[in-house]
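To start, the structure itself, in structure tokens.
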Amino acid sequence: MRDPLSVLTDAFTSFLFGKVETTRLPVRTSTGQAQAVYLPTAAPGLGDSGVIIGREVYSGKGYIYDPFQLYGQQLPAPHWLVLGESGNGKSALEKTYVLRQLRFKDRQVVVLDAQGEDGVGEWNLIAQELGITPIRLDPMAALDHGIRLNPLDPSITTTGQLALLRTIIEVAMGHGLDERSGFALKVAHAYVNETVVERQPVLTDIVEQLRHPEPESAEAMNVDIDDVRAWGLDVALVLDRLVDGDLRGMFDGPTTVGIDLDAPLIVFDLSHIDRNSIAMPILMAIVGVWLEHTWIRPDRKKRIFLVEEAWHIINSPFVAQLFQRLLKFGRRLGLSFVAVVHHLSDVVDGAAAKEAAAILKMASTRTIYAQKADEARATGRVLGLPRWAVEIIPTLTPGIAVWDVNGNVQVVKHLITETERPLVFTDRAMTESSADFADDALRAAEREAEERAAAFVEQHLGDSSESTVA
């Protein structure tokens, strides 16, 4: 209770000067609008355990992401899709993410490096910094005792070998194997595995058996031996390309001894392979299956399998089927698959639309950098992004992306340390000062995003019940 003197003083003041206090009118608004005017009510982050990515643009909070920490609680699957046009920061994000993950002792990373410059893959600098020699798959080097991966490596199960052989042939032919060709391949593979015991079976053995099948192969199905030979002729011609054609040397011998699968980072340098040739999806299929049987083990390690130019996988129904199995299998053994793709339309409208949809469904984390408006709308429809996120994607500047982690959608600015900068900006062929340029671009992007944020949310963020793009 106030003392009598104070009450008397206030009454006298009001009598002389009038009432000086003002009454604030109540404000009715939605939670979506309220979080724009009071930023501490912005969407919650993903926790404070894992790898720091940068900061959330609208609230300024640190943004931390780790699929292994989130799996099972906030994430149904640890796989990650990264989208966006070139020059917006996808490569820098991947590299810093891997470097930061490797600070944990129970992490191991494999990278399929499909891009490069100066005769080496773009992950070469990071590999050198870590004291690692990339595994360079090059047809010319393979002829001179270079790296070989054997599709018939004994470490791969018999079933896995046959599935891989079928995939190689189907990718090269552009269609599935018919029953007769599949039968010829099956009996040739079975005969080689039974008879070649003193060394690793190789593709040459399969080709030779397809050209000259054993009578027992025909007798088992009560068909003529000439029919079995005819059924296997196209298969033999396709495999001959790996043995004596433009891919000669990489797959037609025993697996190279000494590939260190226990290193924290394993880089397969594919930069010497024509990205638009049929060799790339074949190569990815072979590497993927070989790793499935030799690298992924139940040893409690957390493994990351990062694939550049991943549309070679997702856009081929035959290769995608192999990777679907790998993703389902690897999830039980701590595998996070990271697919980097420029345009979602490259895969969802292709021949492997069904397989692409299945792989995209497994990717519970999606990071989208700047895209053109039409592409952003198509991406929003496929991924089920909220309308405000679709509208902001074309306006994003380098280093800033929309992150959708199982429905938790935020705009995140990727931060790069001074130590990481010379390792992640590798466009040396364009400019000697690319790191400085990128740094300036990121600072400008930060300022622009902060200035635009308030105006954008005021104009476009309506009621919080607003749903995804139709």
Side-chain angles (χ1 to χ4, degrees), residues 44-56 61-82 89-113 122-135 259-268 291-292 294-308 326-327 329-340 362-367 401 403 405-406 408 410 412-424:
L46 303 172
D48 57 4
S49 180
V51 171
I52 186 165
I53 301 296
R55 63 181 181 82
E56 203 275 324
K61 297 183 299 185
Y63 192 82
I64 295 174
Y65 169 78
D66 191 299
F68 304 111
Q69 296 290 333
L70 299 173
Y71 177 63
Q73 298 178 8
Q74 300 183 55
L75 276 182
H79 308 309
W80 180 16
L81 175 69
V82 183
K90 297 193 308 296
S91 179
L93 172 66
E94 301 155 27
K95 291 171 183 173
T96 56
Y97 175 74
V98 166
L99 286 169
R100 295 168 191 179
Q101 281 283 2
L102 290 178
R103 296 182 68 85
F104 296 97
K105 292 184 178 180
D106 64 341
R107 302 292 198 264
Q108 200 178 27
V109 182
V110 162
V111 175
L112 299 193
D113 183 5
E122 67 169 296
W123 284 76
N124 191 65
L125 278 176
I126 289 178
Q128 286 182 344
E129 182 71 15
L130 299 178
I132 292 166
T133 302
I135 302 168
I259 296 177
D260 183 9
L261 293 178
D262 293 320
L265 174 65
I266 306 165
V267 178
F268 286 88
L291 287 172
E292 176 186 349
T294 59
W295 178 56
I296 301 176
R297 301 187 292 271
D299 55 5
R300 303 185 70 83
K301 278 195 174 183
K302 306 295 188 296
R303 292 181 166 86
I304 299 168
F305 187 11
L306 190 152
V307 181
E308 303 260 18
L326 172 62
L327 267 59
F329 174 76
R331 189 166 56 181
R332 299 194 304 269
L333 295 176
L335 174 70
S336 173
F337 175 66
V338 184
V340 184
M362 293 182 189
S364 300
T365 301
R366 289 82 67 90
T367 300
W403 281 67
V405 182
N406 196 33
N408 184 320
Q410 301 195 44
V412 179
K413 171 180 166 49
H414 175 218
L415 298 179
I416 303 170
T417 68
E418 292 297 327
T419 303
E420 294 167 333
R421 185 166 286 107
L423 297 176
V424 303

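Model, not experiment: these values are computed from the prediction.
Shortest non-hydrogen contact noted between Glu122 and Ser91 is OE1-OG, 2.8 Å. Summarising the geometry of Ile416 relative to Arg421, their closest heavy-atom pair is O-NH2, 3.4 Å, with the distance given to 0.1 Å. Counting all heavy atoms, side chain and backbone alike, Tyr63 lies closest to Glu56 at CB-N, 4.2 Å. When all heavy atoms of Ser336 and Pro78 are compared, the closest pair comes out as OG-O, 2.7 Å. Taking each heavy atom of Pro134 and Asn124 in turn, the nearest pair found is CG-OD1, 3.6 Å.
Atom CD of Glu292 is separated from atom CG of Leu327 by 10.0 Å, given to the nearest 0.5 angstrom. With values rounded to the nearest 0.5 angstrom, Leu423 atom CG is found 5.0 Å from Glu129 atom CD. Annotation: the span from Leu306 atom CG to Asp113 atom CG amounts to 9.5 Å, rounded to 0.5 Å. With rounding to the nearest 0.5 Å, the separation of CG in Leu333 from CD1 in Ile296 is 7.0 Å. Ile304 CD1 to Phe337 CZ: the interatomic distance, rounded to the nearest 0.5 Å, is 13.0 Å. Between atom CG of residue Leu112 and atom CD of residue Glu308 there is a gap of 9.0 Å, rounded to the nearest 0.5 Å.
Between Asp262 and Arg297 there is a salt bridge, with a side-chain nitrogen of the basic residue lying less than 4.0 Å from a carboxylate oxygen of the acidic one.
When the side-chain contact (heavy atoms from CB on, under 4.5 Å) test is applied to Gln74, the partners found at least two apart in sequence or on another chain are Leu46, Leu70. Applying the side-chain hydrogen bond (donor to acceptor under 3.5 Å, both in side chains) criterion to Thr419, with sequence neighbours excluded, gives no partner residue. Scanning for side-chain hydrogen bond (donor to acceptor under 3.5 Å, both in side chains) contacts around Thr365 gives Tyr65, with sequence neighbours left out. Checked against side-chain hydrogen bond (donor to acceptor under 3.5 Å, both in side chains), Trp295 has the following partners two or more places apart in sequence or in another chain: Gln108. Not a single salt bridge (Lys or Arg N to Asp or Glu O under 4.0 Å) links Asp260 to another residue, sequence neighbours left out. Partners of Glu94 according to the salt bridge (Lys or Arg N to Asp or Glu O under 4.0 Å) rule, which considers only residues two or more places apart in sequence or in another chain, do not exist here. Taking the side-chain contact (heavy atoms from CB on, under 4.5 Å) definition, one finds that Thr294 meets it with Ser155, Leu261, Trp290, sequence neighbours left out. Thr367 is linked by a side-chain hydrogen bond (donor to acceptor under 3.5 Å, both in side chains) to Trp80, counting only residues two or more places apart in sequence or in another chain. Residues satisfying the side-chain contact (heavy atoms from CB on, under 4.5 Å) criterion with Ala363, sequence neighbours excluded, are Leu81.
Within the 4.5 Å cutoff, the side chain of Ile132 has no heavy atoms near those of the Ile266 side chain. Side-chain contact between Ile126 and Val98 is absent, with no heavy-atom pair separated by less than 4.5 Å.
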Only distances under 3.5 Å count here; give the side-chain donor-acceptor pairs of residues 99-106 to other protein atoms, sequence neighbours excluded, each with its distance to 0.1 Å.
{"unit_1": "Arg100", "atom_1": "NE", "unit_2": "Glu420", "atom_2": "OE2", "d": "2.9"}
{"unit_1": "Arg100", "atom_1": "NH1", "unit_2": "Ile52", "atom_2": "O", "d": "2.6"}
{"unit_1": "Arg100", "atom_1": "NH2", "unit_2": "Leu415", "atom_2": "O", "d": "2.7"}
{"unit_1": "Arg100", "atom_1": "NH2", "unit_2": "Glu420", "atom_2": "OE1", "d": "2.8"}
{"unit_1": "Gln101", "atom_1": "OE1", "unit_2": "Arg107", "atom_2": "NE", "d": "2.7"}
{"unit_1": "Gln101", "atom_1": "NE2", "unit_2": "Asp66", "atom_2": "OD2", "d": "3.3"}
{"unit_1": "Gln101", "atom_1": "NE2", "unit_2": "Tyr97", "atom_2": "OH", "d": "3.1"}

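Counting only residues at least two apart or in different chains, salt bridge (Lys or Arg N to Asp or Glu O under 4.0 Å) contacts with residues 70-80 are absent.
Annotation for Gln128: atom CD counts as buried by contact number, over 12 foreign heavy atoms lying within 6.0 Å.
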